[in-house]
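Residues take their numbers from the sequence shown, with the count starting at 1. Everything numeric here is computed off the predicted structure, so don't read it as measured data.
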Amino acid sequence: MSATTMTLAQTRDFLDREFPQMQAGGRAYHLEAVGPLSARMRLEAHERFLRPGGTVSGPAMMALADYALYAAILANIGPVALAVTTNLAFNFLRKPAAGDLMAECRLLKLGRRLAVGEVLITAAGHDDLVCHATGTYSIPPR
């Protein structure tokens with residue numbers, strides 16, 4: 001695949017319009033790039049995403065991975081709102097400090113009915129992985 005179906009701006013607009021609950025409580029998830037079989041998203045780690053001990057919570061990282069995977073799929077197949085998560089698996093590798101997280105998503109398979117991808121999450125400005133996620137989405141007939 002050499003190009004995306006939707007541009008970065010089109011993907012952002014679609015997510016804002018069709019999935020506004022993603023930004024409930026104030027904008028925190030920032031789609032920064034989409035590309036062939038890929039997406040990059042940043043979580044602006046507001047206080048609401050921290051857990052005791054001053055680290056970003058597991059549920060916040062799980063949401064970031066799922067959103068990044070969804071964005072990568074949409075950018076590559078077009079505006080299909082009803083693509084849904086069918087499986088997610090997470091490996092939490094190290095405790096991130098309080099601060100922004102970066103999610104790099106790569107689609108491993110993009111078929112007509114299923115998409116499979118992986119998401120690598122790092123603390124912004126650092127290379128060490130804090131979380132590795134894999135996920136599968138079901139794509140409805142088009």
What's the verdict on side chain to side chain contact (heavy atoms under 4.5 Å, CB included) for Leu31 and Leu8, showing C-alpha distance, side-chain angles and the deciding distance?
CA-CA 8 Å; Leu31 184 59; Leu8 175 60; 3.7 Å; yes
Residues Leu129, Thr122; criterion side chain to side chain contact (heavy atoms under 4.5 Å, CB included); working and verdict:
CA-CA 5 Å; Leu129 289 180; Thr122 59; 3.8 Å; yes
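In the hydrophobic clustering of this structure, Phe19 groups with Leu88; members are Ile, Leu, Val, Met, Phe, Trp, Tyr whose side-chain heavy atoms approach within less than 4.5 Å, directly or through other members. Put simply, Tyr67 and Leu43 are part of the same group of oily side chains (I, L, V, M, F, W, Y) that touch within less than 4.5 Å, one to the next. Linking Ile, Leu, Val, Met, Phe, Trp and Tyr whenever their side-chain heavy atoms come within less than 4.5 Å puts Met41 and Ile77 in one cluster.
Classified by interplanar angle (parallel below 30°, tilted 30° to 60°, perpendicular above 60°), the ring pair Phe92/Phe90 is parallel. Ring geometry for Tyr70 against Tyr137 counts as parallel: the plane angle stays under 30°, on a 0 to 90° scale with 60° as the upper cut.
Under the 4.5 Å side-chain criterion, counting only non-hydrogen atoms from C-beta, Met6 is not in contact with Val34. Contact annotation: the side chain of Leu69 approaches that of Leu107 to within less than 4.5 Å [non-hydrogen atoms, C-beta and beyond]. The side-chain heavy atoms of Ile73 and Val80, taken from C-beta on, include no pair separated by under 4.5 Å. No side-chain heavy atom of Arg112 sits under 4.5 Å from any side-chain heavy atom of Pro141.
His46 NE2 to Asp100 CG: the interatomic distance, rounded to the nearest 0.5 Å, is 8.0 Å. In this structure, Ser138 OG and Asn87 CG are separated by 12.0 Å, a value rounded to the nearest 0.5 Å. Taking CG from Leu101 and CG from Leu64, the interatomic distance works out to 6.5 Å, rounded to the nearest 0.5 Å. Atoms NE2 and CD1, on His132 and Ile121 in that order, are 10.0 Å from each other to the nearest 0.5 Å. With values rounded to the nearest 0.5 angstrom, Arg40 atom CZ is found 5.5 Å from Glu104 atom CD. Interatomic distance, Arg94 CZ to Asp128 CG, rounded to the nearest 0.5 Å: 4.5 Å.
Looking at residues two or more places apart in sequence or on another chain, you find no side chain to side chain donor-acceptor pair (under 3.5 Å) involving Ser57. Residues passing the salt bridge (Lys or Arg N to Asp or Glu O under 4.0 Å) test with Asp16, sequence neighbours excluded: Arg27.
Using modelled atom types, one side-chain atom of Asn76 and one backbone atom of Gly35 make a donor-acceptor pair closer than 3.5 Å. At distances below 3.5 Å, at least one donor-acceptor pair connects side-chain atoms of Gln23 with backbone N or O atoms of Tyr29. Under the 3.5 Å distance criterion, the side-chain polar atoms of Thr136 are left unmatched by any main-chain donor or acceptor of Thr86.
Counting non-hydrogen atoms of other residues, nucleotides and ligands closer than 6.0 Å to CD of Gln21 gives a total above 12.
Hydrophobic side-chain contacts under 4.5 Å tie Val84 to no other Ile, Leu, Val, Met, Phe, Trp or Tyr residue.
Pairing each heavy atom of Met102 with each of Ala124, the nearest pair is CG-CA, 4.0 Å. The minimum heavy-atom distance between Pro36 and Thr4, with the atom names listed, is N-CG2, 3.7 Å. Closest heavy-atom contact between Ala72 and Cys105: CB-SG, 3.8 Å. Closest approach of Glu18 and Ala81 over heavy atoms only: OE1-CB, 4.4 Å. Leu110 and Ala115 get closest at one heavy-atom pair: CD1-CB, 3.8 Å. The heavy-atom pair separating Thr11 from Ala71 by the smallest distance is CG2-O, 3.9 Å.
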